[in-house]
Engineer: 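Right, I'll just put the structure down here and ask away after.
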Amino acid sequence: MQKGLYKYILLIQRWFGGAGFSFADDPVTETLSQAIRGTGEELDREPDTGVLFGSLRGSVVGLRYYTGVVNKGEMVSLVRQPQNPYDRNAVMVANVYGSQVGHIKRELAVLLANIMDNNLARVEGVVPFGVTNQFTMSVVLSFWGREENRDAVVRQITSRSFKLQSGPTGTHTHTHTLTQLKNAFDNLFENLMDDKIGEREAVEAVCTPLLPHQKQALSWMCACENNAALPHFWEVKGELFYNTLTHSSVRERPRRVRGGILADDMGLGKTLTTIALILSNFHHGKPLCEPVISTSRKGKTAFACNTSSGKSLVSPVEAASSQSTDDPAARATLIICPLSVLSNWLDQLDQHVRADVKLNVYLYYGSERNRDTHFLSSQHMVLTTYNVLSADYSVSGGASPLHTVRWLRVVLDEGHIIRNPNTQQSKAVLKLNTQRRWILTGTPIQNNLRDLWMLVAFLRLKPFDVREWWNRVIQRPVTQGDKTGLQNLQALVKCVTLRRTKTSRVCGRPLVSLPERSVRIEEVELTQKEREEYELARTEGRTTISRYVAEGTVLRNYADVLAILVRLRQFCCHPGLLGKTTTHTAVTPAELRERLIMKLRLVLGTGSDEECAVCLDSVRLPVITHCAHVYCRPCIAEVIRSEQEQARCPLCRGQIKASELVEFPLEEEEEEESNLLENWRSSSKVEALMSSLLRLRSEDDSIRSLVVSQFTRFLTILEIPLREEGFKFVRLDGTMSQKRRAQVIQEFQSDAPGSPLIMLLSLKAGGVGINLSAASRVFLMDPAWNPAAEDQCVDRCHRLGQKRDVVITKFIVKGSVEENMVKIQRQKQDLVEKAFGTKNPSERKTSRVDEIRALMEL
DNA sequence: ACCGCCGGGTGCC
DNA sequence: ACCGCCGGGTGCC
């Protein structure tokens, strides 16, 4: 619900470090932002937060037994070795590349073991001087942790007569102001285009001509795959290779990341460019399929694709320029994508690859999929989904067919899907064996700098694929406002990312010229009867909520509040959305809980876009806690796993247990659908839509429309008048099978006579990526909490291939909760701007409770 | 290690 | 001398 607002607050707090400034100096204690801030450290077991307790000087011993190299100023990691046969308190010291350097001296190791094993603090090491002898060296240890553990840590240290120096060891002298930081982040993914990037034509096997920006992308991608030069941040220093970010050295020549992040806005042709890459850049920069002149029919070219390794002719020059580590047996490209875009890949292959090119493309999907690894390895392309990959992975314990094949290239489509490293999908993706790695995404960072880590880890951008170094070199310095940290981040992003937006320009010209898009809000007046019903529900809801506000228990009764708000929103659309309202009065706690869970089921079942307070994304695999808050199962499971018996609900701080989580089945009800259709009545909003559609048809019956609602039931209701008026329509919602979706999209996109004019679309159906460019009108039937969700939906038709101006109509019921939602939406959009623009912190305080009060006009 | 620590040799000034 | 001191042997955890 109001989460969007908090998303921004959290975003700001996380990007810029929550400690520095506070939003809610609000007398109401139970605001969500405070609740989350309160639990933040616990939720956040990631080590980029926490305070510095102090540091002390110690020594590393046993250097002569190990090979790890450390330079002056280099960071080292401390690894507990409880199994060490000589000392169960042993603490091993390793350099950035994981090579052992030595051990912490015994007496100090006792202390560290104690602190580390009891999770009292994180301990980080920096070597202050160069190594002067072969036996020992100094190390500065700093202790980071939660404020509540400070005393315990200090006590441990002083009781063993070590001296804790206060204050930071690495002094951050150059810090940004918040405004500077914000600008830097906004620009993080901008201006990545290197002017040096040329253009490259696709091979002939690609029959669609590439646009200039696509040729640039192809050129860049080929260069990323083929370039054997020393990666960024590395310098040759005598015998060693020296990393300028971590000040570390390695003996072995570091390998360049062969791949990167193609982060173009959606609609700029990432799929086409990737297809062009696959066909154009096989081994040694040679095309995958080469034209051969047929001798029988002169002049006609056919294409022979490389199907066995080592047979392509390679000139010595090209062979030398390519990396010697090339594995000639790795030949296939694996594409992993969300189910919703699987068919898009097949369509685009059909569309962009010449018909006389015989590509072996295998769809690794469905229960009958061929799991033979030789078969898979011999394909040119294998397409699969994240779900199939992770399902296989967990079943096989890591030795799935896809994990056995040595791939030439792995492409993660909608790669931001793996931004949470705790998911099975992400773990499965990291374990793939491949030479080249690509991430395609329109949104490289969604909420948080942390989102980037998993992408960096997938690319194996050393040494940042190890969390500790990412955190120490990038994450923490940046969140603390360190200037060099930010510069490093920018440099790092720049060396692996290409991003252009729809507004980017190539040689002064826009990348693509999209038709105009305009938004108009159509106010809907309720009939007197509807108004009476609405006011009744509103008054009732207000009474309940104002009681919660007065008691300060809004968040404790979150499910109840949500249910009331959803009900009002449903009233605005159509009374038939409400479903049965069970208003029995619960008395026992068990009954009360059951009731809350029922209400949440009601809320989620309508397709309302709820947000998980842990990952800040839309809930996936929703589960409901005992205290009636909704999270993604993997997110909350991780909280419980790491906090064990002390686990608290991130929203209300109530105790939570894994055994008490209630699964939420997404496929739901619809059992009284017939009932809905039999007792049909219209509503003001339905009438408003119908009159728009009828007018449109009479003016121009070639214009196609998307009719979008968050409530799938509303779509069902709308089918009735559409049929009555003889509109041909299709429907696309989250419950449909992949096959059916593809059919529906194809039918809608087809310009064949008699193809549908209207698509009923559930707001979240299919996620991103689908192409509905046949439509140029969008009717948003109900306001969404997340303006971005609406934008994404509109982007499905306002994209490459759109020939007409796009007109968006938002229906908003006058004098209703919807109107207030729109107001809050606007505030949200301004919030970040305002937060940085104003000097007075009291002006920017907004609380969840305030928001609910605004909604209910309390 | 140009250290600390150990343990054997040694012992007035 | 149940000490101090000397100087050789020795060395991560």
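Excluded from the calculations below are hydrogen atoms, water molecules and symmetry mates; all remaining heavy atoms, backbone and side chain alike, are included. Naming: A, B, ... by sequence-line order, numbering from 1 per chain. This is a predicted model, so every value here is computed, not measured.
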Engineer: Return a single string for nucleotides 1-6 of chain B, one symbol per nucleotide in 5' to 3' order, where B is base contact, S is sugar-phosphate-only contact and - is none, cutoff 4.0 angstrom on heavy atoms.
Structural biologist: B-----

Engineer: Distance check needed: dC13(C) C1' versus Asn89(A) CG, whole Å only.
Structural biologist: 10 Å

Engineer: Given the P atoms of dA1(C) and dC5(C), what is the spacing between them in whole Å?
Structural biologist: 16 Å

Engineer: Kindly compute the distance separating CG (Asn149(A)) from CG (Asn119(A)), expressed to the nearest 0.5 Å.
Structural biologist: 8.5 Å

Engineer: Who pairs with Ser400(A) by side chain to side chain donor-acceptor pair (under 3.5 Å), at least two apart in sequence or on another chain?
Structural biologist: His403(A)

Engineer: Across all strands shown, which nucleotide pairs with dC3(B) by Watson-Crick or G-U wobble geometry, both distances under 3.5 Å?
Structural biologist: dG11(C)

Engineer: Contact class for Leu63(A) vs. all strands (heavy atom < 4.0 Å): base, sugar-phosphate, or nothing?
Structural biologist: nothing

Engineer: In whole Å, measure the gap between the C1' atoms of dG8(B) and dC12(B) for me.
Structural biologist: 22 Å

Engineer: So, do Tyr65(A) and dC12(C) meet the stacking rule of ring centres under 5.5 Å and planes under 30°?
Structural biologist: yes

Engineer: So, taking the atom named CD1 in Ile640(A) and the one named SG in Cys635(A), what distance separates them when rounded to the nearest 0.5 Å?
Structural biologist: 11.5 Å

Engineer: Taking side chain to side chain contact (heavy atoms under 4.5 Å, CB included) as the criterion, tell me which of Val96(A), Thr246(A), Val101(A) meets it with Glu74(A).
Structural biologist: Val96(A)

Engineer: Rounded to whole Å, how long is the line connecting atom CG of Leu112(A) with atom C1' of dC13(C)?
Structural biologist: 13 Å

Engineer: Quick one: does any side-chain atom of Asn95(A) pair with a main-chain N or O of Ser99(A) as donor and acceptor, under 3.5 Å?
Structural biologist: yes

Engineer: Send over the distance from Tyr66(A) OH to dG11(C) C1', rounded to a whole Å.
Structural biologist: 13 Å

Engineer: Given the P atoms of dC6(C) and dT10(C), what is the spacing between them in whole Å?
Structural biologist: 22 Å

Engineer: Tell me, please, whether Trp453(A) has Arg467(A) positioned over its six-membered ring: NZ or CZ under 6.0 Å from the ring centre and within 45 degrees of its axis?
Structural biologist: yes

